[in-house]
Amino acid sequence: MSTQRDHGQAPILVTGGTGTLGRVVVARLRDTGATVRVLSRSSHDPEQGVEFVTGDLATGEGIDAAVRGVEVVIHCAGSTKGDEEKARQLVEAASGAGVRHLVYISVVGADRIPVVSGVDRAMFGYFGSKLAAERAVAESGLPWTTLRATQFHDLFLMTARQMARLPVIPVPGGFRFQPVDAGEVADRLVELALGTPAGLVPDMAGPRVYGMAELVRGYLRARRKRRAIVPLRLPGKAARAFRAGANLAPGGAVGRRTWEGFLAERVG
Ligand SMILES: NC(=O)c1ccc[n+]([C@@H]2O[C@H](COP(=O)([O-])OP(=O)(O)OC[C@H]3O[C@@H](n4cnc5c(N)ncnc54)[C@H](OP(=O)(O)O)[C@@H]3O)[C@@H](O)[C@H]2O)c1
């Protein structure tokens with residue numbers, strides 16, 4: 001019996017394969033004929049071409065089993081807090097398992113949004129965590145690729161839905177965003193995962209830049225609702241960096257689907 005791995009057979013591990021981005025990554029990988037393994041904190045029945053492993057990246061529980069026999073990992077698991085610890089747990093297990101390509105999804109501005117004060121941390125600690133997670137990946141000794149993307153349309157849809165419950169909607173004044181389609185980011189991640197490790201690749205963003213109020217107004221229009229929108233000036237260095245556009249990627253506007261196009265499909 002050969003001890004060599006058959007590259008065509010080793011499953012590709014997708015952490016966060018149950019999330020907004022990860023679900024599409026899994027579907028795209030399946031379309032290529034790959035066998036996919038999904039890590040989730042809860043148990044799931046297997047699906048055609050997809051097996052599930054239960055584990056928690058916050059504690060490390062179940063992660064050794066998740067990476068066993070895997071050569072490529074696409075790390076899409078994340079939350080608003082603690083992504084650096086999740087990345088460390090994954091890197092440690094993957095290093096012991098002979099993984100030959102770790103692909104990570106980070107956020108545009110991770111390196112440009114300073115998280116220094118308590119105020120910065122309370123509102124924008126996510127960006128500091130993503131930068132620390134990027135470093136854990138880059139310093140892991142594993143061959144790696146990291147893609148930074150801007151916010152997905154789905155995030156603004158969720159935010160706008162919540163805000164529309166209020167009679168008056170507060171928005172951070174001077175903040176602009178360049179939302180991108182999660183499906184297009186998934187396509188790019190799969191392309192990167194099936195290629196050779198490339199380090200930090202160019203940022204990926206949507207085709208247009210919008211003010212936060214403009215994003216909310218687009219949603220209200222699609223729902224035929226009327227609300228007053230009030231800009232609020234947020235304090236701190238991170239908020240200042242946002243107002244200066246540190247979360248935008250004008251040179252990375254490769255996404256095609258606009259916020260209006262997304263809304264027409266999902267809300268209209
Ligand atoms: N959303 C955006 O606008 C945006 C923009 C740029 C980059 N990103 C990055 O893209 C990635 C995916 O974002 P998303 O919006 O698709 O996230 P999401 O929909 O909130 O899904 C999060 C995923 O992470 C998994 N997860 C969370 N904590 C975990 C833990 N402790 N152990 C194992 N799995 C855990 C969840 O799996 P279970 O619940 O099944 O355990 C779920 O599949 C994140 O790294 C995020 O930072 C997001």
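For ligands, and for the atoms within them, numbers begin at 1 and follow the listed sequence. The analysis underlying the following values was restricted to heavy atoms, covering all of them including side chains, and did not include hydrogens, waters or symmetry mates.
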Provide, to 0.1 Å, the distance between atom 46 (C) of ligand 1 and the closest protein heavy atom, together with that atom's residue and name.
Tyr126 OH, 3.5 Å
Show your reasoning for whether salt bridge (Lys or Arg N to Asp or Glu O under 4.0 Å) applies to Arg217 and Glu214.
CA-CA 5 Å; Arg217 260 188 236 110; Glu214 203 182 348; over 6 Å; no
Give a yes/no on ligand 1: does Lys130 have at least one heavy atom closer than 4.0 angstrom to it?
yes
For Lys86, the ligand 1 atoms whose distance to one of its heavy atoms is below 4.0 Å:
28 (N), 29 (C), 31 (N)
Geometry only, no angles: is Val107 polar-contacting ligand 1 at N/O separations under 3.5 Å?
no
In the protein, what heavy atom is nearest to atom 2 (C) of ligand 1, and what distance, to one decimal place, separates them?
Phe152 CD1, 3.4 Å
Verify, without hydrogens or angle tests, whether Arg223 (side chain) and Val267 (backbone) share a donor-acceptor contact under 3.5 angstrom.
no
So which heavy atom in the protein is nearest atom 37 (O) of ligand 1, and how far is it from that ligand atom?
Thr18 OG1, 3.2 Å
Hey, does Ala133 sit under 4.0 Å from ligand 1 if you only count heavy atoms?
no
Under 4.0 Å between a Lys/Arg side-chain N and an Asp/Glu carboxylate O for Glu191 and Arg188?
yes
the protein heavy atom lying closest to atom 27 (C) of ligand 1 turns out to be Arg41 NH2, 3.4 Å
Does ligand 1 have a heavy atom under 4.0 Å from the side chain of Ala182, from its backbone, from both, or from neither?
neither
Kindly indicate whether the side chain of Phe177, heavy atoms from C-beta on, has any atom under 4.5 Å from the side chain of Asn247.
yes
Which of the atoms of ligand 1 are close to Leu155, meaning less than 4.0 Å from one of its heavy atoms?
3 (O)
For Ala58, the ligand 1 atoms whose distance to one of its heavy atoms is below 4.0 Å:
31 (N)
Step through the shown structure and confirm whether more than 12 heavy atoms of other residues, nucleotides or ligands are within 6.0 Å of CD on Glu92.
no
Any Lys/Arg nitrogen of Arg256 or Asp181 sitting under 4.0 Å from an Asp/Glu carboxylate oxygen of the other?
no
Note: ligand 1 atoms sitting under 4.0 Å from heavy atoms of Cys76 are 11 (C), 12 (C), 44 (C), 45 (O)
Is ligand 1 less than 4.0 angstrom away from at least one heavy atom of Val180?
no
Using heavy atoms and a 4.0 Å limit, tell me yes or no: is Tyr104 in contact with ligand 1?
no
Could you go through the side chain to side chain contact (heavy atoms under 4.5 Å, CB included) check for Leu189 and Leu21 one step at a time?
CA-CA 10 Å; Leu189 275 184; Leu21 174 67; 3.7 Å; yes
Checking the N or O distance criterion of under 3.5 Å, is ligand 1 in contact with Thr20?
yes
Which atoms of ligand 1 are found less than 4.0 Å from any heavy atom of Ser40?
38 (P), 40 (O), 41 (O)
Nearest non-hydrogen contact to atom 22 (C) of ligand 1 from the set Gly78, Ser42, Gly22, Ala186 belongs to Gly78
Counting from 1, what ligand 1 atoms have a heavy atom of Ala77 closer than 4.0 Å?
24 (O), 25 (C), 26 (N), 34 (N), 35 (C), 45 (O)
Contact with ligand 1 for Thr15, non-hydrogen, under 4.0 angstrom
no
Under 4.0 Å from one or more heavy atoms of Ala149, ligand 1 contributes atoms 6 (C)
When you measure from atom 41 (O) of ligand 1 to the protein, is at least one non-hydrogen atom found at a distance under 4.0 Å?
yes
Asp56 neighbourhood, listing ligand 1 atoms whose heavy-atom distance to it stays under 4.0 Å
30 (C), 31 (N), 32 (N)
Step through the shown structure and confirm whether more than 12 heavy atoms of other residues, nucleotides or ligands are within 6.0 Å of CD on Glu51.
yes
What is the nearest protein non-hydrogen atom to atom 33 (C) of ligand 1, stated with its residue, atom name and distance?
Leu57 N, 3.7 Å
Where the side chain of Ser40 meets the backbone of Thr54, is there a donor-acceptor pair that is under 3.5 Å apart?
no
Backbone of Val209 reached by a side-chain donor or acceptor of Gln178 within 3.5 Å:
no
Looking only at the aromatic ring of each residue, does the gap between the centers of Phe262 and Phe156 stay below 6.0 angstrom?
no
Between Arg227 (side chain only) and Leu166 (backbone N and O only), is there a donor and an acceptor less than 3.5 Å apart?
yes
Check whether Asp83 reaches the backbone of Ser129 with its side chain - one donor and one acceptor, N or O, closer than 3.5 Å.
no
